[in-house]
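Taking it in order: structure first as structure tokens, then the write-up.
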2 protein chains.
Amino acid sequence: MLAAERRDHLLDLLAREGKIVAKDVAAELGISEDSVRRDLRDLASEGLCQRVYGGALPASPALVGYAARQTVAPDGKRKVASVAAGLVRPGGALILDGGTTALAVARALPQDLACTVITHSPTIAAALLDHPQTELFLLGGRIFKHSAVACGAAAVEAAQNVSADLCLLGVTGVHPEAGLTTGDAEEAAMKRALAARAADTYILASSEKLGTASRFRVLPWEEISGLITDADPHDAVVERLTARGVEILTTG
Amino acid sequence: MLAAERRDHLLDLLAREGKIVAKDVAAELGISEDSVRRDLRDLASEGLCQRVYGGALPASPALVGYAARQTVAPDGKRKVASVAAGLVRPGGALILDGGTTALAVARALPQDLACTVITHSPTIAAALLDHPQTELFLLGGRIFKHSAVACGAAAVEAAQNVSADLCLLGVTGVHPEAGLTTGDAEEAAMKRALAARAADTYILASSEKLGTASRFRVLPWEEISGLITDADPHDAVVERLTARGVEILTTG
DNA sequence: CCCGTTCTTGCACGTTTTTGCATGTATCTT
DNA sequence: AAGATACATGCAAAAACGTGCAAGAACGGG
């Protein structure tokens, strides 16, 4: 594991959980607590986190819930992506959200799959340029830097002109009661607009997102077809979702 | 194994896995770690990756999965791009075409330049994601694979809703009589639509394009503000263009 | 075809960075 | 107040780095 990668992991953890416990992270990553402390000290000196006894907190509470600078798609996301890619039928049309998990889906699509992909993410579009059989449609609009996707009025309007069989959405929070949530209002609206244009909508959520909620709701459970996750089917949150009637696709 | 092949492999790895560990790659390819480090250093100097202790990471996290290959811009294009980037004023709005030369322009824009960039190329958009001060607006539409830009009716329509101070267009043919031409009718129409939305339009053309013409005309000379090229000012084609009243910006 | 030049590549060497441990100190909990 | 936990610092081993150098390949001109 690269040192820089470790730093990213810490920031990601900070954004997702809102705190870091040095001891836990050291155990999780198999490194010494000293290394974690050193990293945290460095991050704090750059103003990226606030050092506290036992670990660290976000520099600004507002940053909680925002996707951090994630560079490496963890194994879980890749498995989720692989399952999701299996849902895409030849000849069908897919609306693909932005984000690292959705990017992993794009990468997991067979090179010669003949289908239509509609996306508001230039990153996703760029990744699919070398799929010769894939028809690509880009939804334009103002690009939101932190998530690297087109959002806002223009993008939502552009979405009204398309339709698809399947929509794959990434979210930051998956909670039995709060539903599906994300950290930005514009993004939430865009995701809603995308879901509305597809016959079926599935949520991509690696296990660490289960049970968490962010500020803005994307959709209630009633409006989605299912959840794709790498969590254990006997996970507490998963079981509560199943009880609610949500279809769960696992990577098992 | 060819050196260029090795570089491609590294970029591919970076796109797929999001990171490179020098030691692992050296073992996998059966070459010395020194060579890997040298390659990584070169790639980093071109802005294609970010060097870290132990290996490398994508230049920007948003660029994970972004096809960075084929982007080794020749020297001529880079010089043209540098001149073009100098035309962009802080606070101004720029319409940027697709293509390798335009991509070089995007790379040549100062990291902290506060301006608005409007483009129909997901590749360009992805390249500008790490410019924090740059406002990005993406024009959507059907993606034409061979040129990797949004074209067609939807894209042209989207272009009607924007305006800018400057438009930088790439073309495949630059001819004193035939004017500016390209090999695809839809692309030509899109370029026309872009040029119509900017106060000034400049053409990016490395020297090998001078004197050639393709099938579809983009614009006549009267409707452009100037040509940016790395050709010699005493080049025969350049002199004929000057005689026609075309402003020529050279890299000299 | 041959020879000089240039570029690439791997190795050796000294330097820098990272990392875990030990030690002593500070801080928290009870 | 006392024990436990977290912390900073110093230290040493290991890993990664940069540089110089030499052998070899590719190239170009004669």
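Just so it is clear, the model here is predicted, and its values are computed rather than measured. Residue numbering restarts at 1 for every chain, and letters A, B, ... go by the order of the sequence lines.
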How far apart are the closest heavy atoms of A:His120 and A:Gly98, and which atoms are they?
NE2-N, 3.6 Å
Suppose we screen for salt bridge (Lys or Arg N to Asp or Glu O under 4.0 Å). Which residues come up paired with A:Glu177, at least two apart in sequence or across chains?
A:Arg240
Using five pairs at each end of the helix from C:dC1-D:dG30 to C:dT30-D:dA1 to define an axis, what is the angle between those two axes, to 10°?
40°
To the nearest Å, give me how far apart CG (B:Asp34) and C1' (C:dG14) are.
14 Å
Residue list, side-chain hydrogen bond (donor to acceptor under 3.5 Å, both in side chains) with B:Ser147, at least two apart or on another chain
B:Glu187
If the condition is side-chain hydrogen bond (donor to acceptor under 3.5 Å, both in side chains), which residues does A:Asp235 pass it with, not counting sequence neighbours?
none
Would you please test A:Val36 and A:Ile31 for side-chain contact (heavy atoms from CB on, under 4.5 Å) and show each step?
CA-CA 8 Å; A:Val36 177; A:Ile31 56 177; 3.9 Å; yes
For the pair made of CD in A:Glu33 and P in C:dG20, what is the distance, rounded to whole Å?
11 Å
Enumerate all atom pairs, one protein N or O and one N or O from nucleotides 6-9 of chain C, separated by less than 3.5 Å.
| unit_1 | atom_1 | unit_2 | atom_2 | d |
| --- | --- | --- | --- | --- |
| C:dT9 | OP1 | B:Arg6 | NH1 | 3.0 |
| C:dT9 | OP2 | B:Arg6 | NH2 | 3.1 |

Flag side-chain contact, heavy atom, 4.5 Å: A:Leu180 against A:Lys191
no
On DNA chain D, reading 5' to 3', which nucleotide is the first and which the last to sit with an atom under 4.0 Å from a heavy atom of chain B, could you check?
D:dA15 to D:dT19
Length of the CZ-P vector between B:Arg51 and C:dT17, whole Å
14 Å
Side chains of A:Leu109 and A:Val117, heavy atoms from C-beta outward: is any pair under 4.5 Å?
yes
Quick one: B:Arg37 CZ to C:dT16 P, roughly how many Å, whole number?
16 Å
How long is the line joining NZ of A:Lys23 and P of C:dC28, in whole Å?
17 Å
Determine the contact category for B:Val21: base if any of its heavy atoms lies under 4.0 Å from a base atom, sugar-phosphate if only primed atoms, P, OP1 or OP2 are that close, otherwise nothing.
nothing
What's the CD-C1' distance between A:Glu5 and C:dT18, to the nearest Å?
15 Å
Counting only heavy atoms not in A:Lys19, do more than 12 fall under 6.0 Å of its NZ?
no
Closest-nucleotide mapping onto DNA chain C: is A:Tyr53 or A:Gly30 further toward the 5' terminus? I mean the 5' end.
A:Gly30
Any base atoms under 4.0 Å from A:Val36, or only sugar-phosphate, or nothing? Heavy atoms, all strands.
nothing
Answer yes or no: is there a side-chain heavy-atom contact under 4.5 Å between A:Leu136 and A:Leu129?
yes
Any chance you could lay out the salt bridge (Lys or Arg N to Asp or Glu O under 4.0 Å) test for A:Asp42 and A:Arg7, step after step, and finish with the verdict?
CA-CA 9 Å; A:Asp42 293 348; A:Arg7 273 182 42 135; 5.5 Å; no
Does any part of the side chain of B:Arg107, heavy atoms only, come nearer than 4.5 Å to the side chain of B:Leu48, both counted from C-beta?
yes
